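Note that the structure is a prediction, hence the values are computed from the model and not measured.
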Amino acid sequence: MATHLTRIRFIVGALALAFIVAFAAPVNAQQRNPDNSVNPTASAVNESQLLNELSRISGRCTIPDQKACHHRAAGRARLASLPSGDSAMDRRYSVLGMFALLVVFYLTRGMVRIEAGRSGRVLVRFSTFERSCTG
């Protein structure tokens, strides 16, 4: 009985896939070049154009916190200044500081030991094929 249900499910799935492939209309959302090739950046908007139009862009906000619905120009200016200056150095020092803390912790605590020692058995979690398929 279970094999019949499996076969029926397989047939229904194959028919559904065939229906989708046969009747799916091609998407023509992208503009085409004169040689009929697709140009994915034909209607792309430049970020500076979008930010210039930000005061005219409107929409409806349905989240409970209405303060989060308003754009803040100061936030944009702050984000633009992040990659340079003292804040970039602060981030570098914080990353290096966390790495130094990890090294100090490892040097003081050491490796976590197994109480009973190693069992001597090897558990293969992934086959050679599975390991070679990962990127």
Side-chain angles (χ1 to χ4, degrees):
M1 183 68 181
T3 58
H4 292 297
L5 289 175
T6 304
R7 286 182 184 170
I8 290 172
R9 259 192 296 173
F10 178 76
I11 291 171
V12 169
L15 287 174
L17 180 64
F19 179 77
I20 290 170
V21 169
F23 295 106
V27 178
N28 291 322
Q30 295 178 336
Q31 296 177 359
R32 298 208 176 252
N33 291 330
D35 63 346
N36 207 22
S37 64
V38 176
N39 185 359
T41 60
S43 62
V45 177
N46 190 349
E47 184 179 353
S48 61
Q49 288 175 316
L50 184 62
L51 292 175
N52 288 337
E53 297 293 325
L54 197 56
S55 61
R56 296 191 316 170
I57 296 174
S58 63
R60 183 178 61 160
C61 183
T62 59
I63 61 174
D65 186 11
Q66 291 297 315
K67 290 186 283 186
C69 297
H70 301 293
H71 175 265
R72 296 187 180 118
R76 185 176 69 215
R78 185 181 67 83
L79 287 176
S81 69
L82 275 181
S84 62
D86 294 335
S87 62
M89 285 302 277
D90 291 344
R91 288 189 303 244
R92 288 183 195 122
Y93 287 136
S94 65
V95 169
L96 290 175
M98 288 306 295
F99 182 71
L101 282 174
L102 286 171
V103 168
V104 167
F105 179 79
Y106 179 75
L107 291 175
T108 56
R109 177 101 194 319
M111 288 182 58
V112 177
R113 304 281 180 208
I114 303 172
E115 289 180 17
R118 295 189 178 268
S119 67
R121 292 185 295 171
V122 176
L123 175 66
V124 180
R125 293 185 181 171
F126 300 103
S127 68
T128 306
F129 175 73
E130 291 170 331
R131 283 183 270 153
S132 67
C133 288
T134 60

Task: Interatomic spacing from CG in L5 to CZ in R7 - rounded to 0.5 Å - done: 11.5 Å

Open item on the list: L15 and side-chain contact (heavy atoms from CB on, under 4.5 Å): which single residue from V12, L17, I11 fits?
Closed with: I11

Task: Considering all heavy atoms, the nearest R125-E130 contact - done: O-OE1, 4.2 Å

Task: R131 to F126 - nearest heavy-atom pair and separation - done: NE-O, 3.3 Å

Open item on the list: Between Y93 and L102, is there shared hydrophobic-cluster membership here, with clusters defined by ILVMFWY side-chain heavy atoms closer than 4.5 Å?
Closed with: no

